[in-house]
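This one's a predicted model, so the numbers in the text were calculated from it and none came from an experiment. Lettering follows sequence order; numbering is per chain, from 1.
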Amino acid sequence: MRIGYPCINLGLPCRPSRTFRLASLSEERLFSTVDGNLQCLEEIVRWNARHGLLFLRITSDLVPLASRPENTFPWDEEFASRFAAIGQLTESLGMRISMHPGQYTLLNSPRSEVVEAARADLRYHARVLDLLGLDATAKIQIHGGGGYGDKKAASERFAGAIDALDPAVRRRLVVENDERLYSFSDVVELYRRTGLPVVFDAFHHALNGDRHSLPEALAVQYETWGPEDGLPIVDYSSPLPDGRRGSHAHALDKEDFLRFLEESRPHDFDLMLEVKDKEQSALQALDLARADPRLRNRGRA
DNA sequence: GGAAGTCAAGTCTCG
DNA sequence: CGAGACTTGACTTCC
């Protein structure tokens, strides 16, 4: 088990997700922004490694507006050696990398321009991971998408869109249960149609659950990950104290997290903590899990 | 310099 | 059918 947090480190003075408005797009602006974002990403990688956090989700804003047609700057060529160096650094540290496109990246839309934009966005994400030189264990996690009033047809479109993807994108994709539409059972069904491994989000499962208990879900999830995919990925976030639906808690709920560790015990996975205070919760989680033998296992699934 | 408003994305609900 | 909600972090504008 490796533990991590998404995208930004709130304690560091830099951000790897600086961006700008479409109206401000220029080659100069893009160059200087990506330059700064990569610099910050490297700082985060080093900080995380020093603190034992070996699972990192890279922000989708690393290259702002990357998949917009207006953006014609060859950032991938321009920064190829910078990406390669950071990728070598993460490899040498034993760090795992993932990415998670936004909620507006939808492969199953009935609108072809939406699907084409999603495809371009996924190509961008895969390009980043390719430039880092990472193998297929570096995943891109997506959701099932919209329902469009006919979930069955929407799921069919999802499967068709997956089948049509470039293998360089396809091999990195994993599908995560959401809090509203595609439950854990639904994404397992998508796995059966597409072969995409399943990311289990414990928080979404609590909000949009089905018959699976936590250990049951983890056992089913485990079967969806192949030898090339690495350890399964699990997302965890604490429930909000006031019980408000959906959004992520501000800080780690220690009791809930310890219960989660206990109940998930038979299964090993890499754990992404989606909590608003980012690295603080990840450090607490690492501390709470320090006696857990899974932390010493970095092996294959 | 800080507060308020805007953006980027697409779906979905509500009137 | 069209306006607004939803989400998130950061930009941008305004005083």
Side-chain angles (χ1 to χ4, degrees), chain A residues 5-26 28-41 44 56-71 98-125 140-158 161 175-183 186 201 203-204 207-208 235 237-240 242 244-251 272-281:
Chain A
Y5 61 92
C7 305
I8 62 175
N9 181 310
L10 295 172
L12 289 175
C14 70
R15 292 288 178 268
S17 49
R18 297 290 301 275
T19 181
F20 44 78
R21 300 290 157 80
L22 193 49
S24 309
L25 176 63
S26 71
E28 297 71 30
R29 187 76 185 265
L30 191 77
F31 183 90
S32 63
T33 303
V34 174
D35 184 44
N37 285 350
L38 285 172
Q39 176 73 36
C40 187
L41 176 62
I44 290 174
L56 175 65
R57 180 187 299 168
I58 292 180
T59 173
S60 296
D61 283 332
L62 191 70
V63 180
L65 307 170
S67 59
R68 297 284 314 208
E70 297 90 333
N71 185 350
S98 70
M99 296 185 83
H100 190 352
Q103 60 188 309
Y104 300 110
T105 299
L106 297 158
L107 281 174
N108 70 342
S109 173
R111 296 166 55 200
S112 60
E113 68 272 25
V114 172
V115 176
E116 195 38 58
R119 289 165 55 86
D121 192 48
L122 294 178
R123 281 196 296 272
Y124 152 66
H125 285 81
I140 301 168
Q141 65 190 74
I142 58 173
H143 291 293
Y148 310 96
D150 184 348
K151 206 159 135 187
K152 198 167 166 114
S155 298
E156 286 303 309
R157 283 198 304 275
F158 181 88
V175 60
E176 174 192 355
N177 57 308
D178 66 66
E179 77 279 23
R180 211 171 43 83
L181 211 54
Y182 290 87
S183 68
D186 291 332
D201 187 309
F203 181 60
H204 292 162
L207 293 169
N208 181 25
D235 284 2
S237 103
S238 293
L240 276 182
D242 65 6
R244 208 155 46 83
R245 276 181 72 86
S247 55
H248 293 146
H250 182 75
M272 184 58 61
L273 284 145
E274 297 185 321
V275 185
K276 287 223 186 288
D277 67 2
K278 304 283 181 184
E279 77 278 2
Q280 290 308 320
S281 280

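- Not a single ring pair (Phe, Tyr, Trp, His ring centres under 6.0 Å) links A:F20 to another residue, sequence neighbours left out.
- For C:dA10, the OP1/OP2 oxygens have a side-chain nitrogen or oxygen of A:S17 closer than 4.0 Å.
- A:S24 comes within 4.0 angstrom of the backbone, heavy atoms only, and of no base.
- With sequence neighbours left out, A:E156 forms a salt bridge (charged side-chain N to carboxylate O under 4.0 Å, His left out) with A:R193.
- A straight line from CG of A:D178 to C1' of B:dG10 spans 14 Å, rounded to a whole angstrom.
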In a table with atom names and distances, give each donor-acceptor pair under 3.5 Å that connects a side chain of residues 58-66 of chain A to protein atoms at least two apart or in another chain.
| from | atom 1 | to | atom 2 | distance (Å) |
| --- | --- | --- | --- | --- |
| A:T59 | OG1 | A:D61 | N | 3.0 |
| A:S60 | OG | A:H100 | O | 3.4 |
| A:S60 | OG | A:H125 | NE2 | 2.7 |

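- Going from atom CD1 of A:I58 over to atom P of C:dG9 covers 18 Å, rounded to whole Å.
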Nucleotide N/O to protein N/O under 3.5 Å, stretch nucleotides 2-5 of chain B:
none

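- Judged purely by distance below 3.5 Å, without hydrogens or angles, the side chains of A:D235 and A:Q141 pair a donor atom with an acceptor atom.
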Side-chain donor-acceptor pairs under 3.5 Å in residues 10-18 of chain A, sequence neighbours left out?
| from | atom 1 | to | atom 2 | distance (Å) |
| --- | --- | --- | --- | --- |
| A:R15 | NH1 | A:N9 | O | 3.1 |
| A:R15 | NH1 | A:L12 | O | 3.2 |

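- Not counting sequence neighbours, A:K278 has no partner by the salt bridge (charged side-chain N to carboxylate O under 4.0 Å, His left out) test.
- Note on A:R15: every side-chain N or O is 4.0 Å or more away from OP1 and OP2 of C:dG9.
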Might you list the N or O atoms of the protein lying below 3.5 Å from N or O atoms in nucleotides 11-14 of chain B, with each pair's distance?
| from | atom 1 | to | atom 2 | distance (Å) |
| --- | --- | --- | --- | --- |
| B:dT11 | OP1 | A:S109 | OG | 2.8 |
| B:dT11 | OP1 | A:Y148 | OH | 2.9 |
| B:dT11 | OP2 | A:R111 | NH1 | 2.9 |
| B:dC12 | OP1 | A:G147 | N | 2.8 |
| B:dC12 | OP2 | A:Y148 | N | 3.3 |

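- The salt bridge (charged side-chain N to carboxylate O under 4.0 Å, His left out) test applied to A:R21 returns no partner, not counting sequence neighbours.
- By the salt bridge (charged side-chain N to carboxylate O under 4.0 Å, His left out) test, A:E28 pairs with no residue at all, sequence neighbours left out.
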